[in-house]
Amino acid sequence: MQRTITLLLILLITMMAAGTAQARDVQVMILGTYHLANPGQDLHNVEVDDVTSEARQRQLENIADVLAAFAPDRIAVETVSSRDDLSLRSYEDFEPADLVEVRNEREQIGYRLAHRLGHERVFGIDEHDEGVDYFPFGAVSEFAEKKQMTERLEAFHRQASGLVSTMGRLHAEYSIGHVLHWTNQPAFIDRAHRQLYYGLLGYADASDQPGALLNARYYERNARIFAKLTQIAAPGDRVLVVFGGGHSYWLRHFVSETPGFELVEANDFLSALAGQ
């Protein structure tokens with residue numbers, strides 16, 4: 001009897017400790033975006049109209065409305081910070097009036113919401129290294145040319161271009177919030193990553209595997225991004241991460257699999273904007 005009571009007490013204490021730890025997890029929302037400023041930095045780029053227009057600004061305000069319900073304590077964006085605390089000087093200089101001139105999603109979504117919530121800092125957790133190519137697609141192209149795999153690579157480009165074209169069509173026909181809801185579906189994120197990134201693993205022979213190298217380098221970049229995220233959050237914090245959608249798969253993975261972190265689905269909030 002005494003042994004049974006002791007075991008029950010141990011179980012109860014363990015459950016209480018687990019519940020306390022879970023309550024203090026860092027809650028992280030990964031908001032995968034498309035580039036609103038048309039920077040042309042990706043392999044394939046979505047065609048986007050001027051988001052500083054009155055209609056698009058109303059849509060971006062609606063996005064801020066639904067994200068504000070998450071009540072993030074920290075907001076991190078896709079840019080590199082040169083500061084030890086990873087905060088951004090550009091946010092300290094930010095004024096809402098900038099939103100009618102600057103088209104980048106960093107300002108339009110991240111800074112807009114941070115200012116509304118009264119945040120003193122926004123954090124830049126992107127990773128860049130002049131000595132490392134984190135997306136060595138050129139090596140894949142060279143391999144395809146050398147191994148007579150150009151038709152296969154052209155099919156890859158058509159697939160990626162078709163996805164981007166669909167996003168561009170949705171952007172033209174619907175609100176920005178609707179497109180973000182579409183691109184932040186977990187099934188869409190998983191499928192796109194498998195088809196595009198893992199689809200490159202077959203570019204390989206016994207001595208050269210450029211598709212594997214690309215996946216490894218991109219994994220490293222996202223691991224470093226997440227490592228920086230761990231430096232800006234304390235137990236119990238809620239963190240919004242505004243990054244290009246290509247990063248969503250790995251960032252969601254790290255949040256889900258790292259002890260002390262809990263993934264919050266962006267679409268639990270963006271669903272209010274679907275169909276608009």
Side-chain angles (χ1 to χ4, degrees), residues 26-38 42-48 51 56 58-72 74-79 103-114 122 125-126 159-160 162-198 218 221-222 225-226 229 238-258 261-276:
V26 178
Q27 294 184 311
V28 182
M29 178 191 295
I30 305 297
L31 178 67
T33 68
Y34 54 109
H35 295 306
L36 302 181
N38 274 325
D42 295 330
L43 203 59
H44 298 272
N45 297 274
V46 180
E47 287 294 326
V48 178
V51 299
R56 293 299 190 188
R58 285 198 299 271
Q59 295 170 14
L60 288 159
E61 279 294 305
N62 290 339
I63 292 169
D65 288 341
V66 298
L67 294 179
F70 174 53
R74 304 278 189 275
I75 295 176
V77 296
E78 187 177 356
T79 193
R103 297 169 61 181
N104 193 291
E105 62 275 6
R106 177 180 58 240
E107 286 85 3
Q108 290 293 341
I109 298 177
Y111 289 8
R112 179 194 300 267
L113 181 59
V122 169
I125 60 172
D126 200 4
Q159 186 178 40
L163 175 61
V164 166
S165 295
T166 298
M167 293 172 63
R169 177 179 58 79
L170 290 174
H171 176 85
E173 296 177 3
Y174 294 93
S175 70
I176 298 172
H178 174 85
V179 185
L180 291 180
H181 179 267
W182 187 74
T183 58
N184 279 276
Q185 298 174 84
F188 170 82
I189 294 167
D190 291 347
R191 183 173 65 253
H193 188 87
R194 288 196 301 269
Q195 292 177 346
L196 298 178
Y197 287 93
Y198 289 168
Y218 200 59
R221 179 184 173 192
N222 284 284
I225 290 168
F226 179 75
L229 170 61
R238 292 181 298 275
V239 183
L240 170 65
V241 177
V242 182
F243 254 71
H247 297 273
S248 291
Y249 180 88
W250 282 123
L251 293 181
R252 287 168 58 88
H253 165 81
F254 289 123
V255 173
S256 298
E257 298 298 326
T258 302
F261 288 82
E262 176 189 350
L263 181 66
V264 176
E265 291 293 348
N267 274 2
D268 287 348
F269 298 83
L270 293 173
S271 59
L273 306 178
Q276 295 184 8

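The figures that follow rest on heavy atoms only: side chains count, while hydrogens, waters and symmetry mates do not. From a predicted model like this one, the values you see are computed outputs, not experimental measurements.
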To the nearest 0.5 Å, how far apart are [atom1] in [X] and [atom2] in [Y]?
| X | Y | atom1 | atom2 | answer |
| --- | --- | --- | --- | --- |
| Leu113 | Glu61 | CG | CD | 10.0 Å |
| Asn104 | Thr79 | CG | OG1 | 8.0 Å |
| Asn62 | Leu270 | CG | CG | 11.5 Å |
| Leu170 | Glu173 | CG | CD | 6.5 Å |
| Phe243 | Glu105 | CZ | CD | 10.5 Å |
| Tyr198 | His193 | OH | NE2 | 4.0 Å |

Requested in this report: Carefully, step by step, assess Phe269 and Val264 under the rule side-chain contact (heavy atoms from CB on, under 4.5 Å).
Outcome: CA-CA 10 Å; Phe269 298 83; Val264 176; 3.8 Å; yes
Taking side chain as C-beta onward, heavy atoms only, is [X] less than 4.5 Å from [Y]?
| X | Y | value |
| --- | --- | --- |
| Val164 | Tyr34 | no |
| Met167 | Thr183 | yes |
| Tyr111 | Ile75 | no |
| Leu263 | Met29 | no |
| Ser248 | Ile189 | yes |
| Leu67 | Ile109 | yes |

Requested in this report: Run the ring-centre check on Phe226 versus Phe261 and record whether the distance is less than 6.0 Å.
Outcome: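 Distance test on ring centres: under 6.0 Å, yes.
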Query raised in the report: Can the ring centroids of Trp182 and Phe188 be said to lie less than 6.0 angstrom from one another?
Result: yes
Between [X] and [Y], which heavy-atom pair has the shortest distance, and what is it?
| X | Y | answer |
| --- | --- | --- |
| Val242 | Gly110 | CG2-CA, 4.4 Å |
| Phe70 | Leu240 | CE2-N, 4.1 Å |
| Gln59 | Ser175 | OE1-CA, 3.4 Å |
| His178 | Gly275 | ND1-N, 2.7 Å |
| Ala64 | Arg112 | CB-CD, 3.9 Å |

Query raised in the report: For residues Arg56 and His171, is any side-chain donor paired with an opposing acceptor at under 3.5 Å?
Result: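 There is such a pair between these side chains.
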Please check if the side chain of [X] supplies one atom and the backbone of [Y] the other of a donor-acceptor pair under 3.5 Å.
| X | Y | result |
| --- | --- | --- |
| Tyr197 | Ala192 | no |
| Glu78 | Gly244 | yes |
| Glu262 | Val26 | no |
| Arg106 | Val77 | no |

Requested in this report: Starting from the C-alpha separation in whole Å, work towards a yes-or-no answer on side-chain contact (heavy atoms from CB on, under 4.5 Å) for Gln108 and Ile176.
Outcome: CA-CA 11 Å; Gln108 290 293 341; Ile176 298 172; over 6 Å; no
Query - Name of the residue among Ile30, Thr33, Val179, Asn267 meeting side-chain contact (heavy atoms from CB on, under 4.5 Å) with Asn184 - result: Asn267
Report task. Mind running side-chain contact (heavy atoms from CB on, under 4.5 Å) on Leu273 and Ile63 for me, showing each step along the way? Result -> CA-CA 8 Å; Leu273 306 178; Ile63 292 169; 3.7 Å; yes
Query raised in the report: How far apart are the C-alpha atoms of Leu163 and Gln159, what are their side-chain angles, what is the distance that settles it, and do they pass the side-chain contact (heavy atoms from CB on, under 4.5 Å) test?
Result: CA-CA 6 Å; Leu163 175 61; Gln159 186 178 40; over 6 Å; no
Query - Partner of Asn222 under side chain to side chain donor-acceptor pair (under 3.5 Å), chosen from His253, Arg252, His247 - result: His247
